[in-house]
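Each chain gets a letter, A, B and so on, in the order its sequence line appears, and its residues count up from 1.
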2 protein chains.
Amino acid sequence: MDEVDRTLLAELQRDATQAYAALGQAVGLSAGATHERVRKLREQGVIRRTTVDVDPAAVGRGVMAFVLVEANAWMGDSPTKTALEELPEVVEAHVIAGPASLLVKVRTSTTEELQASLRRLFAIEGVTGTQTIVVLESFFERPVDVRPG
Amino acid sequence: MDEVDRTLLAELQRDATQAYAALGQAVGLSAGATHERVRKLREQGVIRRTTVDVDPAAVGRGVMAFVLVEANAWMGDSPTKTALEELPEVVEAHVIAGPASLLVKVRTSTTEELQASLRRLFAIEGVTGTQTIVVLESFFERPVDVRPG
DNA sequence: GTTGAAAATATTAATAT
DNA sequence: ATATTAATATTTTCAAC
């Protein structure tokens, strides 16, 4: 993981459709060498996958909220994870240190659907309460910065 | 945006490196027709971009936190957005309804760096306080579900 | 929407630094 | 080890249907 790799990662985050020749120009390498660098980054797991960024509103997921989930037991275990994975509107789930046990990020079509989601979260074993933070506007959501610091 | 498009989106979210021929097989279409469908999804902005998912820990961003930012004025304006964009550790910034004005998601290398980030957030015009939620473990972070519901 | 052909690109191999 | 160049294999892309 040198400076060249980081530049390649930043370029791929920006546009993963570009050809290896174009990608190589950004770092002064040939297509072949660039290909080999990227192959290794994938192999090492630094690049987890290549994916597309879909506009949530365009697929009927224009409502977003963060939900703090309180519980009467430790929720950092596998059954909880599985229960959350089964809810398609839950896009992130984190075990946290702070005012609750979990923080989940939810995307729904409407606020009515959000309400239905809260009902489903409440139904999970051990959950005693929720605190919902509705997003009014997102300034930005961007990939992790690959530069050291 | 029919059922075929949604399947294509789900497939591309899973693996955007696959060839149009393979992608087409998932929906029973030729490579040419698949290519045209995807081209239109990009044109319409349903697909915002093709990108790589980078492991945060591998690039020195293994610490994650959500920060509720309180302020003494309306923070939903452009100057605030710009100030947050200038902080590379801030990966998301949202205007919220709830116990604070903003919710930001931060990724740093260490908790010391997280502290430094909080200092920078405090330095933003209008900010009067922060409440930090440190993530202990992430169950998952996944793309938006493209299925209706 | 399909098929098929041309152009671009990915991928592998041989070789050099 | 990692790069370059050059070959071959795939794939994208764009016609014509």
Co-members of B:Val4 in a cluster of I, L, V, M, F, W and Y side chains, linked at under 4.5 Å: A:Val52, A:Val54, A:Val59, B:Met1, B:Leu8, B:Leu9, B:Leu12, B:Tyr20, B:Leu23, B:Val27, B:Leu29, B:Val38, B:Leu41, B:Val46, B:Ile47, B:Val144, B:Val146

A:Gln131: partners by side-chain contact (heavy atoms from CB on, under 4.5 Å), with sequence neighbours left out: A:Leu68, A:Glu70, B:Pro99

Sequence neighbours excluded - side-chain hydrogen bond (donor to acceptor under 3.5 Å, both in side chains) pairs with any residue from residues 6-17 of chain B: B:Thr7-B:Arg147, B:Glu11-B:Arg14, B:Glu11-B:Gln18, B:Asp15-B:Thr17

Nucleotides 8-17 of chain C: protein proximity per nucleotide (B base, S sugar-phosphate only, - neither; heavy atom, under 4.0 Å): -SSSB-----

For residues 116-126 of chain A, tabulate all N or O donor-acceptor pairs below 3.5 Å that involve a side-chain atom, not counting sequence neighbours.
unit_1: A:Ser117; atom_1: OG; unit_2: A:Glu89; atom_2: OE2; d: 2.7
unit_1: A:Arg120; atom_1: NE; unit_2: A:Glu89; atom_2: OE2; d: 3.2
unit_1: A:Arg120; atom_1: NH2; unit_2: A:Glu89; atom_2: OE2; d: 3.1

Pairing residues for B:Glu36 by the salt bridge (charged side-chain N to carboxylate O under 4.0 Å, His left out) criterion, not counting sequence neighbours: B:Arg39, B:Lys40

side-chain contact (heavy atoms from CB on, under 4.5 Å) partners of B:Val91, counting only residues at least two apart: B:Lys105, B:Arg107

Partner set under side-chain hydrogen bond (donor to acceptor under 3.5 Å, both in side chains) for B:Thr51, not counting sequence neighbours: none

Reported OG1-to-CZ distance for the pair B:Thr130 and B:Phe66, which is rounded to 0.5 angstrom: 15.0 Å

Angle of first-five versus last-five pair axes in the helix from C:dG1-D:dC17 to C:dT17-D:dA1, to 10 degrees: 30°

Strand contacts (DNA chain D) in residues 22-30 of chain B, 4.0 angstrom heavy-atom criterion: none

Below 3.5 Å, can you tabulate the donor-acceptor pairs from side chains in residues 72-83 of chain A to any protein atom, sequence neighbours excluded?
unit_1: A:Thr80; atom_1: OG1; unit_2: A:Met75; atom_2: O; d: 3.4
unit_1: A:Thr82; atom_1: OG1; unit_2: A:Ser78; atom_2: O; d: 3.0

Those residues that, when tested against B:Ser138, pass side-chain contact (heavy atoms from CB on, under 4.5 Å) (two or more places apart): A:His94, B:Met64, B:Val135, B:Glu141

